[in-house]
Amino acid sequence: MTADRPILEIHDVRKSFGGVHALAGCGFSVGEGEIVGLIGPNGSGKTTLFNTIVGYLPLDDGRILYRGENVTGLPPYQIARKGIGRTFQVTRIFPKMTLLENVTLPTGSADANDRAYELLELVGLADLQDEYASDLSFGQQRLLSIIQVLMLDPWLILLDEPAAGVNPVMQKKLLELIHYLNEEGRTFLIIEHNMDVVMNNCERVVVLSMGEKIAEGSPDEVRRDEAVLTAYFGA
Amino acid sequence: MTWRRAVPYVGATGLIAYAVLAGTAPLFLGPAALSLLFLTLYYVCLAGAWNFFSGFSGYINFGFVLFVGLGMYASVIGFVDFKMGLIPGYLTGGLVSAIVAAVIGYPLLRIRGAYFAISMLALAEGARVLISTKYLTPLTRGGAGMPVLAGNLTQKYYAIFLLAVCIVLATMFFARSYFGLSLIAVREDESAASGLAVNTTAVKVSAFVVSAFFAGTAGGIQATFLHYIEPFAAFDIKYTMLSIVMAMFGGLGTVLGAVIGAVTLQLISDYVWLHLGQANITVFGLILVCLVIWMPDGVVVRLKEMGILPKTRWI
């Protein structure tokens with residue numbers, strides 16, 4: 001599965017907030033071209049892990065490698081330029097910027113390119129390109145934030161609950177988009193609470209609990225794992 | 001709704017007419033009227049310079065007068081002690097402010113919101129006190145102040161007019177560029193911008209330096225207009241306050257907002273002062289309260305939101 005060199009390697013990362021060990025020595029790797037699900041109960045450290053990968057939070061200890069290169073401690077904009085993009089659990093777009101401005105920003109230029117129009121078209125927002133992003137519905141903002149990240153031309157894409165709050169039609173469209181991009185060779189690491197989405201779309205699943213990796217494997221293996229059942233249901 | 005479509009054309013015509021009249025004013029205006037127009041253009045410069053950084057970045061600079069005052073002192077010292085010509089003296093004011101902005105920008109622009117505002121306020125007050133102390137007296141003449149004679153009214157008028165035009169054009173160019181777009185993104189959501197490959201620190205510091213350069217140059221011109229500077233006049237918090245109010249009235253983070261704000265409020269304040277004398281501050285305050293209730297984001301932003309002006313960054 002990870003025969004080639006992994007695109008992302010996480011080695012024994014640790015991060016505490018006061019007395020809370022959000023990440024307590026967690027490690028795994030993601031292979032080039034995979035779609036990996038990252039699941040775990042609330043507070044298990046999933047979003048914290050995302051924040052450390054993209055440089056928002058400094059690590060207390062441990063290393064993160066992207067394509068074999070140590071990216072630990074780099075500022076977020078440099079990590080983004082290397083090709084790691086992420087979306088947020090709570091959508092964060094730029095409200096008083098037009099849709100077109102929102103999607104051109106990550107390209108490092110103020111001139112909209114074909115890809116910007118193409119992606120707006122793809123998610124059905126092309127007609128609104130000159131309106132402020134604040135005027136969009138919640139679901140539309142979520143789609144906007146995803147195509148924004150794609151404008152970075154990222155090869156590793158971290159999605160934080162992409163399906164939450166999006167209607168079933170949009171959700172289907174979103175998953176199609178993920179698979180389409182995956183076929184281009186882009187790698188996904190996806191935090192998701194919707195188990196159907198995880199089980200049907202991820203090739204491999206990593207389970208976190210209390211800041212540690214407790215299981216890893218195919219969706220079916222993970223579903224039957226004792227430790228996972230205990231973490232989720234306390235059984 | 002035909003009037004809606006007429007607004008941009010009427011507005012553009014008005015602005016061009018104003019620019020042409022202001023550009024030729026020394027040919028037909030007497031010294032008193034020219035001085036009033038000088039002051040209006042001075043505030044166009046200040047509000048424009050303030051807006052260049054704070055309007056776009058959302059980092060509200062409450063110590064803006066620091067750069068105005070430093071520019072005043074630097075250029076007056078240039079004129080008096082170094083016998084500089086008019087233009088080199090003015091540019092010295094701008095450069096000194098820009099250098100100071102670059103030095104304080106790196107540490108200060110890491111702190112946000114109220115903390116940034118308070119730090120800048122404290123720095124501006126501190127600079128005023130420092131200028132008056134005995135340590136700097138040989139250079140600044142302390143509380144005694146410095147008289148300055150440089151240029152005639154027409155020259156100073158053209159200097160401030162050209163600076164105002166430069167600031168407006170620079171803001172327009174800036175707003176259209178990636179640099180301006182990324183500073184707006186910093187205002188909207190700084191950490192999200194950094195995750196989308198924006199080098200937020202570099203962008204903030206650069207805009208801060210440019211803003212300080214404009215403020216310092218305007219300060220230098222104003223100093224020669226006043227003929228005399230002393231610490232309280234040079235670091236008068238009024239300059240900060242009026243710049244903020246004018247930029248906010250016109251529309252934060254827009255190109256024309258600062259011009260509209262400075263021209264309108266200066267006209268209102270002159271009119272009120274002329275006709276109501278001592279009551280002017282109260283009336284002026286009431287007008288401001290009404291404006292803030294009806295147009296909290298300023299004229300230009302409101303017009304963009306209403307769809308009367310296009311939502312482009314260069315207006």
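Every chain is numbered from 1, with letters handed out A, B, ... down the list of sequences.
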Atom [atom1] of [X] with >12 non-hydrogen neighbours under 6.0 angstrom:
| X | atom1 | answer |
| --- | --- | --- |
| B/Tyr9 | OH | no |
| B/Phe62 | CZ | no |
| A/Phe17 | CZ | yes |
| A/Asp114 | CG | no |
| B/Met248 | CE | no |
| B/Tyr18 | OH | yes |
| A/Arg67 | CZ | yes |
| B/Arg302 | CZ | no |

Could you grab the distance from atom [atom1] of [X] to atom [atom2] of [Y], nearest 0.5 Å is fine?
| X | Y | atom1 | atom2 | answer |
| --- | --- | --- | --- | --- |
| A/Asp111 | B/Leu181 | CG | CG | 10.0 Å |
| A/Tyr132 | B/Glu305 | OH | CD | 6.5 Å |
| B/Leu196 | A/Met151 | CG | CE | 10.5 Å |
| B/Tyr178 | A/Thr104 | OH | OG1 | 9.5 Å |
| B/Lys311 | A/Leu100 | NZ | CG | 13.5 Å |

Of the non-hydrogen atoms in [X] and [Y], which two are nearest, and what is the gap between them?
| X | Y | value |
| --- | --- | --- |
| B/Ala197 | A/Pro106 | CB-O, 4.4 Å |
| A/Lys96 | B/Glu188 | N-OE1, 2.6 Å |
| A/Tyr77 | B/Asn199 | OH-ND2, 3.1 Å |
| B/Ser194 | A/Ala80 | O-CB, 4.4 Å |
| B/Ser177 | A/Ala110 | C-CB, 3.5 Å |

Let me know if B/Ser182 has heavy atoms under 4.5 Å from chain A in its side chain, its backbone, both or neither. both
Quick one: what part of B/Arg187 sits under 4.5 Å from any heavy atom of chain A, side chain, backbone, both or neither?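 Side chain only.
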Heavy-atom contact with chain B under 4.5 Å, split by part of [X]:
| X | value |
| --- | --- |
| A/Leu105 | both |
| A/Gln78 | neither |
| A/Tyr56 | side chain |
| A/Ser109 | backbone |

Any A/Phe94 side-chain heavy atom under 4.5 Å of B/Asp189 side chain: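 Side chain of A/Phe94 against side chain of B/Asp189, heavy atoms only: contact under 4.5 Å found.
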